[in-house]
Undergrad: 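Here's a structure for you.
Sequential numbering from 1 along the given sequence is applied to the chain's residues.
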Amino acid sequence: MKYKTEIIIYTRPWCGYCSAAKELLAKKGFKYKEINVEENENQLKIMIEQSGRKTVPQIFIKDKSIGGYSEIKNLEVSGKLDGLLNPISKPV
């Protein structure tokens, strides 16, 4: 499935939970923008201001903070993750 909705993930290269969140999204065919906060201190400040959290990953869907890996995994398990996104095509 491909989605029009923008997903942003703030990450660090060595973060296992970041990798797990990206893998979950990739397996579902979701495209996302990754922002490595280790490469850009200003992006870390933006992430903290927007989410109120200092840990990574921080995931935003439609400019709304949904939290980190535990939250996105819980949304997937409960079947609510797909509902947050706007599908633009369906699998054949």
Side-chain angles (χ1 to χ4, degrees):
M1 233 183 245
K2 295 180 182 175
Y3 292 84
K4 183 177 182 180
T5 302
E6 185 173 292
I7 301 169
I8 299 173
I9 305 177
Y10 289 88
T11 66
R12 292 184 190 273
W14 46 265
C15 170
Y17 288 111
C18 299
S19 296
K22 293 185 297 185
E23 184 177 319
L24 185 154
L25 292 168
K27 281 184 179 178
K28 295 183 66 63
F30 297 165
K31 292 186 178 187
Y32 55 86
K33 177 181 179 182
E34 180 178 3
I35 299 173
N36 180 343
V37 298
E38 280 196 6
E39 292 178 352
N40 189 330
E41 186 78 20
N42 190 48
Q43 289 296 329
L44 176 60
K45 291 176 186 175
I46 291 169
M47 179 196 82
I48 294 168
E49 287 173 10
Q50 291 179 341
S51 68
R53 298 179 180 184
K54 296 179 181 180
T55 59
V56 290
Q58 288 304 314
I59 305 163
F60 291 80
I61 298 175
K62 297 181 183 176
D63 295 324
K64 179 183 175 191
S65 174
I66 64 159
Y69 174 72
S70 296
E71 290 81 8
I72 200 168
K73 181 67 174 176
N74 288 339
L75 287 168
E76 172 64 6
V77 169
S78 70
K80 295 178 182 176
L81 182 58
D82 290 341
L84 292 175
L85 303 169
N86 180 22
I88 58 173
S89 66
K90 295 183 179 181
V92 180

Undergrad: Work out which heavy atom in F30 is nearest to a heavy atom in D82; give both atom names and the distance.
TA: CZ-OD1, 3.4 Å

Undergrad: Given I72, which partner from the list I9, L25, L84 fulfils the side chain to side chain contact (heavy atoms under 4.5 Å, CB included) test?
TA: L25

Undergrad: Distance check, rounded to the nearest 0.5 Å: I35 atom CD1 versus L44 atom CG?
TA: 11.5 Å

Undergrad: List the steps, then state whether side-chain contact (heavy atoms from CB on, under 4.5 Å) holds for Q58 with S65.
TA: CA-CA 7 Å; Q58 288 304 314; S65 174; 4.2 Å; yes

Undergrad: Answer with yes or no whether the hydrophobic clustering places I7 together with Y10; edges join I, L, V, M, F, W, Y residues whose side-chain heavy atoms lie under 4.5 Å apart.
TA: no

Undergrad: I want to check something: taking the side chain as every heavy atom from C-beta on, are R12 and V37 in contact at a cut-off of under 4.5 Å?
TA: yes

Undergrad: State whether E23 and K27 are salt-bridged, where the test is any N-O pair (Lys NZ or Arg NE/NH1/NH2 against Asp/Glu carboxylate O) under 4.0 Å.
TA: yes

Undergrad: Enter the distance from L24:CG to S19:OG here, rounded to the nearest 0.5 Å.
TA: 12.5 Å

Undergrad: Within a reach of under 6.0 Å around CG of D63, are more than 12 heavy atoms found that belong to other residues, nucleotides or ligands?
TA: no

Undergrad: Within the distance-only criterion (no hydrogens, no angle test), does the side chain of K33 pair as donor or acceptor with the backbone N or O of E6 below 3.5 angstrom?
TA: no

Undergrad: Is Y32 atom OH crowded by more than 12 heavy atoms from other residues, nucleotides or ligands, each under 6.0 Å away?
TA: yes

Undergrad: If I take atom CE from residue M47 and atom OG1 from residue T11, how far apart are they, to the nearest 0.5 angstrom?
TA: 10.0 Å

Undergrad: Is there side-chain contact between V77 and K73, with heavy atoms separated by less than 4.5 Å?
TA: yes

Undergrad: So, taking the atom named CD1 in I59 and the one named SG in C18, what distance separates them when rounded to the nearest 0.5 Å?
TA: 8.0 Å

Undergrad: Does any part of the side chain of L81, heavy atoms only, come nearer than 4.5 Å to the side chain of I61, both counted from C-beta?
TA: yes

Undergrad: Hey, what do you get for CD (E38) to CH2 (W14), rounding to the nearest 0.5 Å?
TA: 6.0 Å

Undergrad: Carefully, step by step, assess S51 and F60 under the rule side-chain contact (heavy atoms from CB on, under 4.5 Å).
TA: CA-CA 9 Å; S51 68; F60 291 80; 3.9 Å; yes

Undergrad: How long is the span from the NZ atom in K80 to the CD1 atom in I66, to the nearest 0.5 Å?
TA: 12.5 Å

